Structure formats: C-alpha cells, structure tokens
K.L.:
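Below is one structure. I have some questions about it.
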Amino acid sequence: MVSSAAPTVFLWGLRRRARDLIAALGARIAEWADEEAARIGLWIPVALGAGAALYFLLKTEPSPFAAPLLAMAAAAIGWRWPARRTAPMLAAVFCAGFVAADLRTYIVAAPALTREISFVEVEGRLVAIDEAPKMRRLLIETTKIDDLPTDETPKKIRVSWRGKEFNALPGDLIRMRASLSPPPRPAAPGGFDFARQLYFQRIGAVGFAVSPPVAVPETHRPFVQQARAGIETMRVNLSRRIIASAPGDSGAIVAAVVTGKRGAISEEAQAAFRDAGLAHLLAISGLHMGLATGLIFFIVRALLALNETIALTMPIKKWAAGAALFSGVAYLMISGAAWSAQRALIMSSIFFIAIIADRRALSLRNVAIAAAVILILTPEAVLHPGFQMSFAAVTALIAAYEWSSRRLDPTRSFSAVARLRRYVLGIAATDTISAAATAPYSLYHFSRTANFGLAANIISIPLMGFWVMPAAIFALVLMPLGVDAPLWKLAAAGVDIMLSAARWTMDLPGSVSVFAHWPPAALGVLTLGGLWLCLMSAPWRLGGLAVLPVAAALIFANPHPAVFVSDDGDNAGVLFKTPEGESSFAVYDKRKGKFDTEVWMEQAGIDVRRVTPLRLADYAACDLRGCAAAIDGAWIAISGERSGFEDDCARADAVIALYPVAKPEREGCNALLIDRRDAWNSGAHALYVTRGRVRIVSATEQRGVRPWSKG
C-alpha cells in the first residue's frame, strides 16, 4: 500500500530543488553582474545615443525642461543610493543625450527657404568646392540674396554649377545668379530626410547657378576664415593634382582616400565598390587612419633608431608616437573630418597618447570615448548611416578579437607560411565580422547588402595596406619637391586592380541581396542585441542573439506600400507582381522624377541597378486621361486629366489626381483622394492596400512638426 504522504513529499522535494536552482541561477547572475561592473562605462555612449535618437524620432518638439529635470532626478537617486546607482546613472546619461540633441538643434537653427525663388543674385563667401566630372557643387555662406530680408536669408546654400571652370577659390567673396529651392523633403514616407541633414549643416537652400561665380574684391578677411579657406583650397588643389597625375576612376578614388572628396568618382565605380562590399574603402575610416598614422610611427621610429646615441638615450618611441599623432590630425583636416575619420582619429590618438604616457590603451574603451565625444558634440550623428556602420564594424571587430585573444595558442608557429596563413584568415574573419555587423544598417538605409564581399576584400585590403596608402603617403611627403606624380600613378595602379576585383564580384549572380524597407523598430532591436553581444563579457552575452527572431518578426510583419506619389504631386509609381510571381515596378511618367523612382523601388525591395521600371500603361488599364490598377482587391485610379476625374471618383477606391482639385469637386468625390495640392502641403504619399482596404500615409505625418520640417 502506497502512503498518501508520498505525493506531498515528492512535491516538497520538487519545490526545494526549484528553490535551489533559482538560488544558484541568482548567484551566477550576480557573479556575472560583478564581472560586468568594470565594463559599465562602455554603455555610456549607448545611453547618450539612445537619448539623442529618442529626441530626433519625436513628432513634436518636447518641453525644454523635461529632460534636464529627469536627468537631475536620476543623478540624485544614484547619489542617494550608490549601491544601486548604475541604472539611475545610465538614465541620467540617457537624458543628457536627449538634452544634447535638443541643445544642438537650438544652436544650429538658421533660416531656410519655404518657397522656390528663381534667377536671384546671390552674394556670399565660397566655403567649399566638390568637383564631379560634369559639374561643381559649391557651398556658400550667404551675405545677401536679392531683396530677401536678412532674417529670412539662409546662412548657407548649396548650388551646382555645370559651366566651365571659374577663378574663385574657397574663402573668396563671390557673386552669382542662381535658382534656389527649399531643402528637399523625403522622396517617400519614412525615407531619408535630406532636410534634417542639411538643417544641422545650416544649409537653408539648394539649387543651381545660372551664371559663373565671380570673385568680389575685399580689403580684409578674418583670420579664422583665412585658415579655413586655406585648408579647403589645399584639399581642392590636392584632389586636382592627384586626378591630373592619374586620370580616371582610379585617380579619383585615390583622391577620395586622401582628401575625402568623392565627387569625381563615376557612378559606375561607386556602384561596383558598393555591390562588391568595398564601399568602406572609399570612406576615411580606421583602416586609412591606422595605416597613415602607423606608417608614420614606424618610419619615424626606424629613422631615429639609426642613430645609436639617440636610440639609447632618448624616448624615440614617444617621439614617433607624437609624430604619428600630428600626422593623424593633419590627415583629419585634409580628409574633411567625416564622422568615421573623427572616430578613427580619437581612437588612434588615445593609443598614441597612451604610448607617450606609458599607459596601456583599452580598445573598447577607445570606441566608447570616441562615440561619446562625437555624440556630445554632434548628436545628430546617431541617425546617420556613416556613424552607425562605422561604430558597428569597429565595435564588433574589437569585441571579436578580444574574445579570440584569450584563446590564442602560445605555442603557435611564427614561420613565414604560418604568418601568411593567419594574415589571410584574419582578413577573412575581419570582413565576415564587419559585414555581419554592418548588414542591418546597410539593409535599413540602402535596402541592399553585398553577398560576396569576402573575395573582393581579401584582394583589396592588402592592396590598400601595402600598396595604395604607402604610395599615397610617400607622394604627400615628396609633393613639395614636385616629384610626386609617379607615386600617384603607382597608387592608382593598385586601385585599378581593386576596381577589376570589384567589377568581377559585382557581376557574379546573386552578388547583391535587396529587401523592402525595414521598420525602425527592427533596426533598434538588432542594435540593442548586437551591443549586448559585443559589450558584455560573461556568458549571458549570448542573450544578444535572442533579438534575431524578434527582429525577423518585426520585418516580416511590416506592411509595404503598393503605390507611391511624388513630393510635387506630378507622378506616381505602382508595385505589382509579374505573371512569374516576381516583384516589379511601374511608373506613370518615366520621364519625370528619376531619383524619386529609385527611392520608391529601393523601399519596395527592387534592385534599381538590375531592374528597369516599366510604364504604368504596360501593366494597368490606361488611356489619355489616366490609369486604373487593381491591387489586392482595390481599384487605384491615377487621373492625369481633369476630364476623367468624375468617373474615377465614382469607380475607384482611391484617386491620385496629378493636378490641384477644387474644393467642391473634392467634397463630391466618394473615393479616397490625393491631389497635387496635398503633395505640396504634406510631401510624398504612400498607399497601403490590404484586402481591398486602402490606407494613406504622408511624409509630413512620418516627420512630424520639427524645426527641419517647417519648410
């Protein structure tokens, strides 16, 4: 006979084991938390960036007092209970990032045009020149634009000039006639906001010059403007000198690597580098800064070591570190100080300062310091793809190599063959890790990612490290003697091989994957998971992989527009399926808005470089008055002539009128309506169609009412 107490004893034992398991798990988590305590500083730039990102994603301006009060409250909690101060302190840093973004927005505020103005006389100081094969793009600090009031005159404008060369140089006071427009709005709801980017550069208008810039004589130029103009003039002249010595795309790429000016690179070459996974070689990044400063460090140290007395009595390693530090600052100024270059300089500066101070530099802390400095000074960087991809790649690489360095075999061989094998494997690992780290940002911002970049990088990175950059550095050293031209040609010859590898890789079947536009939440989840995986050191770091199914669910559940309407309301595009089941795209008028069409196709997940958009008349029922397309149970009419408007309103579920519609006609239309006036007022539109139901979203709804969206 079984005792009735047996189940009770069993349950009591089960509960005790569960309590022991929970206690052991709690002790292990506490142990891991103690291990991570020394790394909490790595999360400071994450909190700063998250606070700044929240500010920029708001639809309306927040109260200027909310974030400072929250930051002070969080800091007070951390001060009052120091044993539990980690979360409050990170909350305070989060609020500080929010405040920094709000303050930066206030500081850079400047007038911007709200309407087009044509053939006006512009006076101002030429700040920068970017030269492309068929035009020059000029950045001008304006002093006067015709009769425009001073409080409405943009601080800076950017115009293109397609005429012959002119004799004005950066720093000159110039005069020209130009047609100007407000900063461009997104080409599609949720698309890249050019107006926001220009707002933080204080550029309030864009356009084109209709007369050549003419230098205006002046008696005095402030010292700061002279210094800035001198640097920009040096960059322009250096770029021209390189391209003159090595014409073509190879010389233009060398010029971009040295000066940061990429305008002379053809679209075909840029596409080849991008689709081959080599786009990172065109941006001034840690690779270029490390090669430049590292080469100077070793050359200076080697030269000093040739003198026995100096080598034995002087700190030549510190002197070499100082020379490398100086060369890094010079390279930053010559290259235009992009965010990736700033990050690279800050990290390399910490490394060389550590050598001078006889300290050991911790790499992930270098990344954290660089990110924090950039986010405090320019918090808008948090939304820029260059900043995101640069820091994602370097964080993942350093975290991976920190992990692997603890597992190195101390008995490993150092023979030439073994070293070569490790170098090749290192390049392969570096490319794989950086590609995985940057893929989410590439897919989110550009809707495409390169699949076969490994092969091109194994060829191109050694060429950049051992051929192109050393030749370029020696060319810069010899340039005052006027014997630099052969070295620029030598550097360009290395780039020619890289271009061949890029074109070969780009032409491989399946070399590029394209996806429809991701929701921002998916990118945020992947970013948080990646940071957890990289910044943590205890085994729970693998929890970062748990975000993958969450992000996948967000991506696949995200609806995609079926119809797009242009910002000026004169064109529309439709996403449809071919009889073979593939996605394709049709445009009402292919002669208009080529850029808009490319943005629409990228958002729809269609490769704009391999798929040509169709005419809507080839897909839908069209006549001289417009078109009508059946989409998932709904009829969408695109009305090109007023004579067909009444019929379209009676039969369609939604009507896109490519002309302004009067109020009485609008009220009498039974369908959902977007007319040209709606596009003028609210920007580009997108139509979502699900089982016969149509939903309309405008760019203004997505952007909200912010300082950069008031134009």
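Source: prediction; values computed, not measured.
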K.L.:
Between Glu267 and Arg274, is the closest basic N to carboxylate O distance under 4.0 Å?
P.N.:
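Looking at Glu267 together with Arg274, the answer is no, because their closest N to O distance does not fall below 4.0 Å.
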
K.L.:
Start with the C-alpha gap between Ile346 and Ile374, add the side-chain angles, then the distance that decides, and say whether side chain to side chain contact (heavy atoms under 4.5 Å, CB included) holds.
P.N.:
CA-CA 9 Å; Ile346 294 171; Ile374 293 174; 4.3 Å; yes

K.L.:
First locate atom CG of Asp484, then atom NZ of Lys489, and finally report the distance between them rounded to the nearest 0.5 Å.
P.N.:
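Going from the CG atom of Asp484 to the NZ atom of Lys489 covers 11.0 Å.
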
K.L.:
With a cut-off of 6.0 Å (strictly less than), are more than 12 heavy atoms of other residues, nucleotides or ligands near NZ of Lys317?
P.N.:
no

K.L.:
Start with the C-alpha gap between Phe391 and Leu531, add the side-chain angles, then the distance that decides, and say whether side chain to side chain contact (heavy atoms under 4.5 Å, CB included) holds.
P.N.:
CA-CA 11 Å; Phe391 276 94; Leu531 288 168; over 6 Å; no

K.L.:
Is Met234 atom CE crowded by more than 12 heavy atoms from other residues, nucleotides or ligands, each under 6.0 Å away?
P.N.:
yes

K.L.:
Does Ser442 reach the main-chain N or O of Thr438 with its side chain, forming a donor-acceptor pair under 3.5 Å?
P.N.:
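Checking the backbone N and O of Thr438 against the side chain of Ser442, no donor-acceptor pair under 3.5 Å is found.
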
K.L.:
To the nearest 0.5 Å, what is the distance between CG (Asn457) and CG (Leu281)?
P.N.:
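CG of Leu281 is found 6.0 Å from CG of Asn457.
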
K.L.:
Under the criterion side chain to side chain contact (heavy atoms under 4.5 Å, CB included), I'd like the reasoning laid out for Val236 against Thr259: C-alpha separation, chi angles, the key distance, then a yes or no.
P.N.:
CA-CA 8 Å; Val236 171; Thr259 68; over 6 Å; no

K.L.:
Once rounded to the nearest 0.5 Å, what's the spacing between atom CZ of Arg241 and atom OG of Ser245?
P.N.:
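Those atoms lie 6.5 Å apart.
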
K.L.:
For the side chain of Thr378 and the backbone of Leu375, is there at least one donor-acceptor N/O pair under 3.5 Å apart?
P.N.:
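Checking the backbone N and O of Leu375 against the side chain of Thr378, no donor-acceptor pair under 3.5 Å is found.
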
K.L.:
Step by step, work out the side chain to side chain contact (heavy atoms under 4.5 Å, CB included) result for Met506 and Arg609.
P.N.:
CA-CA 11 Å; Met506 179 184 68; Arg609 295 178 183 85; over 6 Å; no

K.L.:
Tell me whether Arg137 at atom CZ has more than 12 heavy atoms from other residues, nucleotides or ligands lying less than 6.0 Å away.
P.N.:
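Count not over threshold, so no.
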
K.L.:
Would you indicate whether the side-chain heavy atoms of Gln201 and Leu139 approach each other to under 4.5 Å?
P.N.:
no

K.L.:
Check this for me: does any side-chain nitrogen of one of Glu380 and Arg196 sit under 4.0 Å from a carboxylate oxygen of the other?
P.N.:
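No, Glu380 and Arg196 are not salt-bridged.
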
K.L.:
Hydrogens and angles aside, do Arg610 and Ser511 bring a side-chain donor and acceptor to less than 3.5 Å of each other?
P.N.:
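Yes, because at least one side-chain N or O of Arg610 sits under 3.5 Å from a partner of the opposite role on Ser511.
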
K.L.:
To check you understand the geometry: which heavy-atom pair defines the closest contact between Ala256 and Ile265, and what is its length?
P.N.:
CB-CD1, 3.8 Å

K.L.:
Considering residues at least two apart in sequence or located in another chain, which fulfil the side-chain hydrogen bond (donor to acceptor under 3.5 Å, both in side chains) criterion with Thr432?
P.N.:
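Scan of Thr432 (side-chain hydrogen bond (donor to acceptor under 3.5 Å, both in side chains), adjacent residues dropped) gives none.
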
K.L.:
Any non-hydrogen side-chain atom of Pro440 less than 4.5 Å from a side-chain atom of Thr527?
P.N.:
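No, too far: nothing below the 4.5 Å cut-off.
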
K.L.:
Would you indicate whether the side-chain heavy atoms of Met469 and Leu295 approach each other to under 4.5 Å?
P.N.:
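No, every pair of side-chain atoms sits at 4.5 Å or beyond.
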
K.L.:
Can you tell me if Arg448 uses its side chain to pair, donor with acceptor, with the backbone of Ser513 under 3.5 Å?
P.N.:
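Judged by distance alone, no pair lies under 3.5 Å.
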
K.L.:
Return yes if some donor-acceptor pair links the side-chain N/O of Ser335 with the main-chain N/O of Leu332 below 3.5 Å, else return no.
P.N.:
yes

K.L.:
Taking the six-membered ring for Trp, are Phe192 and His384 parallel (under 30°), tilted (30 to 60°) or perpendicular (over 60°)?
P.N.:
perpendicular

K.L.:
If you round to the nearest 0.5 Å, how far is CH2 of Trp600 from CD1 of Ile606?
P.N.:
12.5 Å

K.L.:
List the atom of Val382, the atom of Gln388, and the distance in Å for their closest heavy-atom pair.
P.N.:
O-NE2, 2.7 Å

K.L.:
Any idea which heavy atoms bring Asp249 and Glu268 closest together, and the distance?
P.N.:
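That closest heavy-atom pairing would be OD2-OE1, 4.2 Å.
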
K.L.:
Parallel under 30°, tilted from 30 to 60°, perpendicular over 60°: which one fits the rings of Phe515 and Trp518?
P.N.:
perpendicular

K.L.:
State the NZ-CZ distance between Lys261 and Arg235, to the nearest 0.5 angstrom.
P.N.:
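Going from NZ on Lys261 over to CZ on Arg235, the span is 4.0 Å.
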
K.L.:
Please confirm whether the backbone N or O of Leu490 pairs with a side-chain atom of Trp467, one donor and one acceptor, at under 3.5 Å?
P.N.:
yes

K.L.:
State, to 0.1 Å, how close Glu602 and Ser447 come at their nearest heavy-atom pair, and which atoms those are.
P.N.:
O-OG, 3.0 Å

K.L.:
Quick one: pull up CD1 in Ile140 and CD1 in Ile174 and give me the separation to the nearest 0.5 Å.
P.N.:
4.0 Å

K.L.:
Checking Asp275 side chain against Val512 main chain: does a donor-acceptor pair fall under 3.5 Å?
P.N.:
no

K.L.:
Would you name the heavy atoms of Gly328 and Thr293 that are closest together and state the gap between them?
P.N.:
CA-CG2, 3.6 Å

K.L.:
Ignoring hydrogens, what is the shortest heavy-atom contact between Ala209 and Met176? Give both atom names and the distance.
P.N.:
CB-SD, 3.7 Å

